[in-house]
Amino acid sequence: MSELALFGGTKVRTTAFPTYVTIGEEEQAAAARVVSKGVLSDYLGRSGPRFLGGPEVRALEDEWCAHFGAKYAVSVNSATSGLYAAIGAIGLRPGDEVVVSPFTMSASATGPLVYGGKPVFADIDAKTFCLTRETIEKVLTDKTRAVVVVDLFGHPADMDPIMDLARERNLIVVEDAAQAAGSTYRGKAAGTLAHMGVYSLNVHKIIQCGEGGVVVTDDARLAERLRLVRNHGEVIVRETNAHENADIIGFNYRMTEIEAAISREQLKKLERFAKGFIENTEYLHGKLRKVPGFTPLGVLPECRSVYYQCAFHYDAEAIGVPRARWLEALRAEGVPFGGGYVEPLYFQPLYSERWPGDAGYARGACPTAEAMWTERLVTSSLNHPQMTQRDLDDVVRAVEKVYARRHELAKRPS
Ligand SMILES: *Cc1c(COP(=O)(O)O)cnc(C)c1O
């Protein structure tokens, strides 16, 4: 085996890896169909059928319900909008608290702030990287109204105990399934496990239309309120259950007809993409399981994960190399891995500026999330369906090579 590339040896990989491309002729044709009709969006912000959007938007919502097994689907222009709409549908009031995860994309936690509420961070579980009933219970107060649970890296949260807790404590649960389209929990689709579920269709996700999202629910009243928040609902609130919906502040969260037409094609491809992610990730996990201290993230037996990210627990002590050095060596081999994912969200100044001195936003508040960020997590996106066997084998060879030369890596400065 040659010298580490970091010290001048031959790189394992000299060309770039394929990028994940989901858009093809079908999406081109779908977009062209809309453009040739000339109606790029068919919403009106007043009562009547067009309050609910045009034909592509509605067809997408019907198909989404059928695919995932939900009663109602409300398309929006991003999952961020979807998460904000979900908090609006709950009717959050100033001072209300919402339990959120610190280890996720920032919009999973900011929704409550839009309504004057307070995000309260609960720690993640080290096995699934999701909130659990136990971590949520630790931060409940008599002001808690809701919980936003994230299916991180596509792994569904262990939702049954969380929904039990919600029944006991009269809480609304929002499932952020932005990374989990195609995952399941006890045979049910991720995104349909809580009172509302939010999918993302942004360019980075398993399926995408550039920017977009869908909220699903089985609750007719929540569905109505989501639609009001999406499209200036205050204007038509008198024609709905006016006394119940008078608190609605509408936004423009509407998806365009082009995005909806593209999303409909993407939905048809979801299962094929999901299988590709799963196959490639399981191949990498199987090969790399032999590397001590670099342990693939497990999947609960009741779950199927689409592995939006391919994640490993990194044990710097077992390997004898700090994570940053390990990543540097892999990158030098031409195989980029990522470290830590995101800093715990309460490290952002947003929270401690608003609630100075609040221990919930201080370092140490969520030790598991902090440990993942600083030292214990390594991730990779080199598991997508367009990775070939040779590409995957290069990833494996790079890890094995760096591991085999770890003692030298630990000792020698570059
Ligand atoms: C991508 C993502 C979002 C936001 O999605 P957008 O569609 O870009 O607004 C929210 N939550 C999680 C967990 C995400 O990964």
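The first residue of the sequence shown is numbered 1, and numbering continues consecutively from there. Ligands are counted one by one from 1 in listed order, and the atoms in each one are counted from 1 as well.
Close contacts of ligand 1 with Val150, meaning ligand atoms under 4.0 Å from a residue heavy atom, involve 13 (C). Ligand 1 places these atoms under 4.0 Å from at least one heavy atom of Thr80: 4 (C), 6 (P), 9 (O). The distance from ligand 1 to the heavy atoms of Thr104 drops below 4.0 Å at these ligand atoms: 13 (C). In summary, the atoms of ligand 1 found under 4.0 Å from a heavy atom of Ala79, numbered by their order in the structure, are 4 (C), 5 (O), 6 (P), 7 (O), 9 (O).
In terms of protein heavy-atom proximity, atom 8 (O) of ligand 1 is closest to Asn202 ND2, 2.7 Å. Nearest protein heavy-atom contact of atom 11 (N) of ligand 1 is Asp176 OD2, 2.7 Å. Here the heavy atom of the protein found nearest to atom 3 (C) of ligand 1 is Met105 SD, 3.5 Å.
Residue Gly212 places a heavy atom less than 4.0 Å from ligand 1. Using a 4.0 Å heavy-atom cutoff, Gly213 is absent from the residues neighbouring ligand 1. Under a 4.0 Å heavy-atom criterion, Lys205 is in contact with ligand 1.
Checked against the 6.0 Å centroid criterion, the rings of Trp355 and Tyr351 do not qualify as a close aromatic pair.
By the criterion of a heavy-atom distance under 4.0 Å, both the backbone and the side chain of Ser78 are placed next to ligand 1.
With respect to Phe121, the ring-ring contact (aromatic ring centres under 6.0 Å, His included) criterion is satisfied by exactly one of Phe347, Tyr346, Phe103: Tyr346.
The side chain to side chain contact (heavy atoms under 4.5 Å, CB included) search around Pro161 returns Arg133, Asp158, Tyr185, not counting sequence neighbours.
At a cut-off of 3.5 Å, with distance as the only test, no side-chain donor of Tyr308 or Ser381 sits close to an acceptor on the other residue. A side-chain N or O of Ser75 and one of Glu61 form a donor-acceptor pair less than 3.5 Å apart. Side-chain contact check for Thr22 and Gln266: at least one donor-acceptor pair (N or O, by modelled atom type) lies under 3.5 Å.
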Check the pair Glu26 / Lys268 against salt bridge (Lys or Arg N to Asp or Glu O under 4.0 Å), numbers first and verdict last. CA-CA 10 Å; Glu26 300 83 0; Lys268 293 181 202 161; over 6 Å; no
Test side-chain contact (heavy atoms from CB on, under 4.5 Å) applied to Val216 and Tyr199, step by step: CA-CA 8 Å; Val216 295; Tyr199 300 89; 3.8 Å; yes
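Aromatic ring orientation, Trp326 versus Phe294: tilted (interplanar angle from 30° to 60°).
At under 3.5 Å, not a single nitrogen or oxygen of Leu83, backbone or side chain, sits near a nitrogen or oxygen of ligand 1. At a 3.5 angstrom cut-off on N or O pairs, Gln179 counts as close to ligand 1. Where the criterion is an N or O separation shorter than 3.5 Å, residue side chain and backbone included, Ser81 fails it with respect to ligand 1. In terms of polar-atom proximity, Ser200 is counted as a contact of ligand 1, with an N or O under 3.5 Å from an N or O of the ligand.
Note on Arg227 versus Glu224: no salt bridge recorded, every NZ/NE/NH1/NH2 to OD/OE distance being 4.0 Å or above.
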